[in-house]
Amino acid sequence: MARQERAVRTRRAILEAAAAVFDERGYEAATIADILARAGVTKGALYFHFSSKQELAQGVLDEQLAEGGVPSRDSKLQELVDVALLLAYRMKRDPMLSAGARLSLGPDMREIFGGGSVPGWIEFTEQLLAQAKAQGELLPHVDPAETAWIISACWTGAQIYSQTLNDRDDIEERIAGVYQHIYPGIATPAVLARLTITAQRGAEVAAEIEADREAETAGV
């Protein structure tokens with residue numbers, strides 16, 4: 001068991017080092033030597049978990065979806081905005097998410113990674129919107145598939161603009177603004193009135209998740 005836990009920690013350390021290097025230098029400029037130096041592991045340890053730089057980058061991309069989970073909500077529109085704002089909150093603080101965005105959207109990344117994490121986020125968003133529609137949260141004209149594409153594109157555009165103009169200092173405010181503008185056009189008035197869409201929501205959800213983890217650790 002101790003060996004397995006050590007392997008999990010080593011794999012995570014390698015992924016975090018790779019994310020930091022990819023985020024700072026981009027995929028093409030990053031090297032295995034850079035990642036090894038940042039992770040502080042042997043070449044053998046790295047290649048035990050990842051066979052190539054591309055596989056390392058794919059691991060970073062896969063972590064984006066893993067990092068985006070929030071507790072299930074009765075309102076699936078609230079759950080969707082909670083995911084969006086939690087990611088905005090973490091993107092300023094976690095190179096894994098920032099690197100994932102860069103790998104998904106950089107030049108020639110479609111040929112290497114097939115769109116990176118973008119298809120997964122569109123699919124995830126569509127699933128939540130379909131659930132929201134099934135329980136009467138959406139206006140009758142709303143098509144979950146089309147709306148998922150638009151929401152995902154707006155989120156991506158907002159984070160790119162925030163990074164370009166303000167080094168993501170205002171990303172939480174900008175992402176909140178996206179949903180404040182889109183939701184009145186898709187949500188029923190009764191549902192819209194109950195939603196919380198604020199720049200502080202990501203930090204609140206992060207605190208909720210951390211409290212849940214601490215309670216699990218304590219056996220509560």
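Quick caveat: nothing in here was measured; it's all calculated off a predicted structure.
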Rounded to the nearest 0.5 Å, what separates atom [atom1] in [X] from atom [atom2] in [Y]?
X: Thr42; Y: Leu36; atom1: OG1; atom2: CG; answer: 8.0 Å
X: Ser52; Y: Gln58; atom1: OG; atom2: CD; answer: 10.0 Å
X: Lys43; Y: Ile32; atom1: NZ; atom2: CD1; answer: 9.0 Å
X: Thr31; Y: Lys53; atom1: OG1; atom2: NZ; answer: 7.5 Å

Test side-chain contact (heavy atoms from CB on, under 4.5 Å) applied to Leu129 and Lys76, step by step:
CA-CA 7 Å; Leu129 287 172; Lys76 294 306 167 183; over 6 Å; no
Begin from the C-alpha positions of Leu15 and Phe50 and carry the test side-chain contact (heavy atoms from CB on, under 4.5 Å) through to its verdict.
CA-CA 9 Å; Leu15 274 179; Phe50 302 97; 3.6 Å; yes
Are the side chain of [X] and the backbone of [Y] linked by a donor-acceptor contact shorter than 3.5 Å?
X: Gln180; Y: Ile197; answer: yes
X: Ser162; Y: Ile171; answer: yes
X: Ser152; Y: Ala148; answer: no

Sequence neighbours left out, what passes side chain to side chain contact (heavy atoms under 4.5 Å, CB included) with [X]? Give chain and number order.
X: Val191; result: Ser75, Leu77, Glu137, Thr188, Arg194, Leu195
X: Lys133; result: Leu138, Pro144
X: Ser51; result: Glu55
X: Thr196; result: Gln78, Thr198, Arg201

Do [X] and [Y] sit in the same hydrophobic cluster, where Ile, Leu, Val, Met, Phe, Trp and Tyr count as joined when their side-chain heavy atoms come under 4.5 Å apart?
X: Leu165; Y: Met91; value: no
X: Ile186; Y: Leu80; value: yes
X: Leu87; Y: Ile175; value: yes
X: Leu139; Y: Tyr179; value: yes
X: Tyr89; Y: Phe124; value: no

Does any part of the side chain of [Y], heavy atoms only, come nearer than 4.5 Å to the side chain of [X], both counted from C-beta?
X: Phe22; Y: Ile35; result: yes
X: Trp121; Y: Thr156; result: no
X: Glu24; Y: Arg38; result: yes
X: Glu126; Y: Trp149; result: no
X: Glu210; Y: Arg213; result: yes
X: Phe48; Y: Ile14; result: no
X: Leu86; Y: Ile209; result: yes
X: Tyr161; Y: Asn166; result: no

Verify side-chain contact (heavy atoms from CB on, under 4.5 Å) between Val41 and Thr10, making sure each step is shown before the conclusion.
CA-CA 8 Å; Val41 301; Thr10 299; 4.3 Å; yes
For a quick test of reading the model, state the closest non-hydrogen atom pair linking [X] to [Y] and the distance between them.
X: Ala199; Y: Ala176; answer: N-CB, 3.8 Å
X: Ala158; Y: Val178; answer: CB-CG2, 3.8 Å
X: Ala39; Y: Ala13; answer: CB-O, 4.1 Å
X: Glu79; Y: Leu128; answer: OE2-CD2, 3.8 Å
X: Leu192; Y: Pro184; answer: CD2-CA, 3.8 Å

Is there a salt bridge (Lys or Arg N to Asp or Glu O under 4.0 Å) between Arg73 and Glu208 once you walk through the steps?
CA-CA 13 Å; Arg73 312 297 191 194; Glu208 176 188 359; 2.8 Å; yes
How would you list all residue pairs meeting salt bridge (charged side-chain N to carboxylate O under 4.0 Å, His left out) that involve residues 153-168, not counting sequence neighbours?
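Every candidate salt bridge (charged side-chain N to carboxylate O under 4.0 Å, His left out) pair involving residues 153-168 fails, so no pair, neighbours aside, qualifies.
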Please evaluate residues Arg12 and Arg9 with respect to the criterion side-chain contact (heavy atoms from CB on, under 4.5 Å), reporting the C-alpha separation (whole Å), side-chain torsions for both, the decisive distance (0.1 Å), and the verdict.
CA-CA 5 Å; Arg12 181 68 185 185; Arg9 288 196 300 269; 5.7 Å; no
List for me each residue that meets salt bridge (Lys or Arg N to Asp or Glu O under 4.0 Å) alongside Arg174, sequence neighbours excluded, and say none if there are none.
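Result, salt bridge (Lys or Arg N to Asp or Glu O under 4.0 Å) vs Arg174: Asp170.
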